[in-house]
Amino acid sequence: MEAVSKVYGRAVAALREVSVSLPAGAFTAVMGPSGSGKSTFLHCAAGLDAPTSGSVRLGGVELSGMDETALTKLRRDRVGFVFQAFNLVPALTVEQNVTLPLRMAGRRAPKGRVAEVLGRVGLAERAKHRPAELSGGQQQRVALARALVTEPDVVFGDEPTGALDTVTAREVLALLRAAVDDLGRTVVMVTHDPVAAAHADTVLFLADGRIVDALDAPDASAVAARLTSLGAA
Ligand SMILES: Nc1ncnc2c1ncn2[C@@H]1O[C@H](COP(=O)(O)OP(=O)(O)OP(=O)(O)O)[C@@H](O)[C@H]1O
Ligand SMILES: [Mg+2]
């Protein structure tokens, strides 16, 4: 992202000239107070929302100037999403939820791909179940399988562990970490939780629409200390 600003309406500057590179094959966490612009940052980085000014490149492709059709295609092909509220389709089975992004792109799942991603998230036995028959953690693992099935350049998560208990959250974080370490994926995750952020390679701190700090190889107590000092500032 280069000098990316996002202004809502006339007055709300959600991002102010943010310039940052999120390295491929790395896990980046984004933290900051409520309203600091984390979701806006994620949406602009992912091509879900257009910046007011500045430039976003994803996997070498310039997003600014793309029309909605091109952006939709880019998101389908290059981006996976995991949200706090899972966002599975209740009427579809686990397997159908996972293959949905491929089918929407008019593609068929390559042989073995669905079994492979479901195995990866530990849900090989649940392919025929519906989301309502699964726990929250299992539903989020389905959402992660769905995000991975297209082999995207980047997996974006907006508080993907926000609705999960500590143990279940840790399982999902380990899977995100494995997506980076074993599959070479790029992960960008917004979180409020220093323990979650400690799974990342780098933590970016946002305050009032700006990146004000970064921490490499973070541990949870260092992250918590930075957050506290941000709050104080
Ligand atoms: N669609 C919108 N229209 C108007 N203002 C918006 C819109 N979306 C976000 N904002 C404003 O932009 C600012 C940043 O919002 P954003 O959702 O990015 O914050 P956040 O860091 O994700 O917060 P939280 O931790 O509460 O999720 C806030 O002041 C918010 O009110
Ligand atoms: Mg948010």
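Keep in mind that this is a model prediction, so the values were computed, not measured. Note that ligands are numbered from 1 as they come in the structure, with each ligand's atoms numbered from 1 the same way.
Between Thr150 and Leu102 the shortest side-chain heavy-atom distance falls below 4.5 Å. Residues Asp181 and Phe27 are not in side-chain contact: their nearest non-hydrogen atoms beyond the backbone lie 4.5 Å or more apart. Within the 4.5 Å cutoff, the side chain of Gln140 has no heavy atoms near those of the Glu171 side chain.
Scored by the side chain to side chain donor-acceptor pair (under 3.5 Å) test, Ser221 finds Asp219 as partners (sequence neighbours excluded). With sequence neighbours left out, Leu175 forms a side chain to side chain contact (heavy atoms under 4.5 Å, CB included) with Val121, Arg141, Leu144.
Ion pairing between a basic and an acidic side chain is recognised when a charged N comes within 4.0 Å of a carboxylate O; Glu151 and Arg113 show such pairing. Electrostatic pairing of Arg170 and Asp193 does not count as a salt bridge here, judged by no charged N lying under 4.0 Å from a carboxylate O. Ionic pairing of Lys128 and Glu133 is not present here: no N-O contact between side-chain nitrogen and carboxylate oxygen is shorter than 4.0 angstrom.
Counting only protein N, O or S atoms, the number found under 2.8 Å from the Mg ion (ligand 2) is 1.
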Close N/O pairs between ligand 1 and protein, under 3.5 Å:
from     : atom 1 : to     : atom 2 : distance (Å)
ligand 1 : 18 (O) : Ser39  : N      : 3.4
ligand 1 : 18 (O) : Thr40  : N      : 3.0
ligand 1 : 18 (O) : Thr40  : OG1    : 2.6
ligand 1 : 19 (O) : Gly37  : N      : 3.4
ligand 1 : 21 (O) : Ser36  : N      : 3.3
ligand 1 : 21 (O) : Gly37  : N      : 3.0
ligand 1 : 21 (O) : Lys38  : N      : 2.9
ligand 1 : 21 (O) : Lys38  : NZ     : 2.8
ligand 1 : 22 (O) : Ser39  : N      : 2.9
ligand 1 : 22 (O) : Ser39  : OG     : 2.9
ligand 1 : 23 (O) : Gly35  : N      : 2.8
ligand 1 : 25 (O) : Lys38  : NZ     : 2.7
ligand 1 : 25 (O) : His192 : NE2    : 3.2
ligand 1 : 26 (O) : Ser34  : OG     : 2.6

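In this structure, Arg177 contributes its side chain and His199 its backbone to a donor-acceptor pair below 3.5 Å.
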